[in-house]
Amino acid sequence: MPTEVQGVIARSKDAPVELTTIVVPDPGPGEVVVDVQACGVCHTDLHYRQGGINDEFPFLLGHEAAGVVSEVGEGVTEVEVGDYVVLNWRAVCGQCRACRRGRPWYCFDTHNARQKMTLTDGTELTPALGIGAFAEKTLVAQGQCTKVDRGAAPEVAGLLGCGVMAGIGAAINTGGVTRGDTVAVFGCGGVGDAAVLGARLAGASTIIGVDIDDRKLRVAEGIGATHTVNSHQTDPVAAIQELTGGFGVDVAIEAVGRPETYRQAFYARDLAGTVVLVGVPTPDMEITLPLLDVFGRGGALKSSWYGDCLPSRDFPMLIGLHVQGRIDLSAFVTEKIGIGDVETAFDKMHAGDVLRSVVMI
Ligand code: APR
Ligand code: ZN
Ligand code: ZN
């Protein structure tokens with residue numbers, strides 16, 4: 001029987017979100033219903049509500065989630081009822097050229113649930129990033145579920161579903177940070193701090209956090225930054241060169257998504273170093289660089305798409321390290337909130353007061 005549950009929707013452009021009754025259908029072939037336990041509040045949810053992603057209103061928001069599988073459809077083999085899972089928004093096909101070439105994060109044919117969740121009047125909902133998890137239950141494709149160790153609390157585990165994975169992956173998967181490397185991270189929000197953690201996990205010797213907000217720099221130090229630079233007060237390129245014996249860093253990670261910070265990352269790098277863009281720019285943003293500098297400085301200019309992650313490999317690995325006490329993912333949970341508090345969480349995110357607010361369901 002289709003189930004009626006409470007969910008948080010964005011009904012129209014820029015209107016405040018609403019807690020309302022939604023209908024979750026029985027899972028069809030390859031589909032899974034998950035009892036959501038926790039879901040982080042991400043910038044992308046706010047972008048949906050502002051109409052910045054597309055105009056397929058109403059949206060069912062939320063996508064950084066963990067929960068327990070409550071029903072499975074025909075042909076579901078990857079998870080079973082009772083499994084504790086983290087959801088991901090890139091369930092890859094394994095068959096297309098990108099997948100076969102070992103770059104599944106660029107998969108051409110990612111899978112979401114085929115059926116739609118609806119309002120009680122039958123209006124179809126568009127789930128944010130194909131998930132929609134500010135709800136007591138949600139319907140996803142089996143490949144969107146990764147079974148993980150129950151030892152990680154849901155508010156922690158769910159964060160791997162988006163921002164925290166993007167940051168850690170930018171360092172370890174895209175940047176290829178390795179032991180002894182020097183690393184700079186521009187923008188110490190949730191994504192940048194996760195990149196700091198990834199660099200620490202990979203054994204970086206020096207990790208320099210750069211931000212314009214001292215509060216953010218203090219948090220980055222707690223997560224693993226060995227040095228910090230306030231780029232409103234100090235030229236970050238000069239400061240980074242000074243901190244690295246005049247060379248610049250091996251890997252510079254841009255986690256803001258702005259031309260000026262990308263330029264700083266480009267020049268803060270040692271010769272033959274790597275720049276990773278994980279902050280998401282807007283369509284109007286452009287940057288010009290002297291081609292001679294691109295040529296002369298060598299190295300690699302990369303971007304990181306969802307941390308270039310493979311959820312089935314990376315989620316259990318990172319959750320395992322957390323459960324063993326070797327990394328502390330709970331540092332990203334600034335506050336736990338109720339399902340009715342998403343709009344307030346957007347305000348706090350906007351004011352820069354939180355790394356992540358997590359809705360507990
Ligand atoms: N220089 C340095 N830091 C800056 C600058 C700047 N010019 N402008 C903003 N920042 C800092 C902010 O102070 C904040 O700490 O960048 C950080 C951005 O963090 P959040 O707003 O918390 O965003 P986050 O969730 O970390 O995402 C960062 O990655 O996934 C993308 O869309 C996301 O583009 C966004 C980026
Ligand atoms: Zn594919
Ligand atoms: Zn997100």
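Read the numbers this way: they start at 1 and go in the same order the structure lists the ligands and their atoms.
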Test item: side-chain donor near acceptor, Thr118 and Glu124, under 3.5 Å
no
Solution key, residues 14-23 side-chain donor-acceptor pairs under 3.5 Å, sequence neighbours excluded:
| residue | atom | partner | partner atom | Å |
| --- | --- | --- | --- | --- |
| Glu18 | OE1 | Arg11 | NE | 3.2 |
| Glu18 | OE1 | Arg11 | NH2 | 2.9 |
| Glu18 | OE2 | Arg11 | NE | 2.9 |
| Thr21 | OG1 | Gln6 | NE2 | 3.1 |

Given the rule that I, L, V, M, F, W and Y join up when any side-chain heavy atoms are under 4.5 Å apart, are Leu277 and Tyr267 in one cluster?
yes
Short side-chain donor-acceptor distance under 3.5 Å, Asn230 and Asp213
no
For a distance under 2.8 Å, give residue and atom name for each protein N, O or S atom next to the Zn ion (ligand 3).
Cys42 SG, His63 NE2, Cys162 SG
With a cut-off of 6.0 Å (strictly less than), are more than 12 heavy atoms of other residues, nucleotides or ligands near CD of Gln233?
yes
Sub-2.8 Å protein N, O or S atoms surrounding the Zn ion (ligand 2)
Cys93 SG, Cys96 SG, Cys99 SG, Cys107 SG
Given 3.5 Å as the limit, does a donor-acceptor pair link the side chain of Arg114 with the main chain of Glu31, or not?
no
Could you tell me whether Arg269 sits above the aromatic face of Phe266, with NZ or CZ closer than 6.0 angstrom to the six-membered ring centre and within 45 degrees of the axis?
yes
Would you call the rings of Trp89 and Tyr306 parallel, tilted or perpendicular, where under 30° means parallel and over 60° means perpendicular?
parallel
Which protein N or O atoms sit under 3.5 Å from any N or O of ligand 1? Give each pair with its distance.
| residue | atom | partner | partner atom | Å |
| --- | --- | --- | --- | --- |
| ligand 1 | 13 (O) | Asp211 | OD1 | 2.6 |
| ligand 1 | 15 (O) | Asp211 | OD2 | 2.7 |
| ligand 1 | 15 (O) | Lys216 | NZ | 3.3 |
| ligand 1 | 21 (O) | His43 | NE2 | 3.2 |
| ligand 1 | 23 (O) | His43 | NE2 | 3.1 |
| ligand 1 | 26 (O) | Gly190 | N | 3.0 |
| ligand 1 | 26 (O) | Val191 | N | 2.9 |
| ligand 1 | 34 (O) | Val256 | O | 3.1 |
| ligand 1 | 34 (O) | Val280 | N | 3.0 |

Consider side chain to side chain contact (heavy atoms under 4.5 Å, CB included). Of Ile9, Val36, Val41, which one does Phe134 pass it with?
Val41
Any chance CZ of Arg200 has more than 12 other-residue heavy atoms, nucleotides or ligands included, within less than 6.0 Å?
no
Can you confirm whether the side chains of Thr206 and Thr182 place a donor and an acceptor under 3.5 Å from each other?
no
In terms of heavy-atom contacts, does CD of Glu242 have more than 12 from other residues, nucleotides or ligands at under 6.0 Å?
no
Is it the case that over 12 heavy atoms from other parts of the model lie below 6.0 angstrom from the CD atom of Glu286?
no
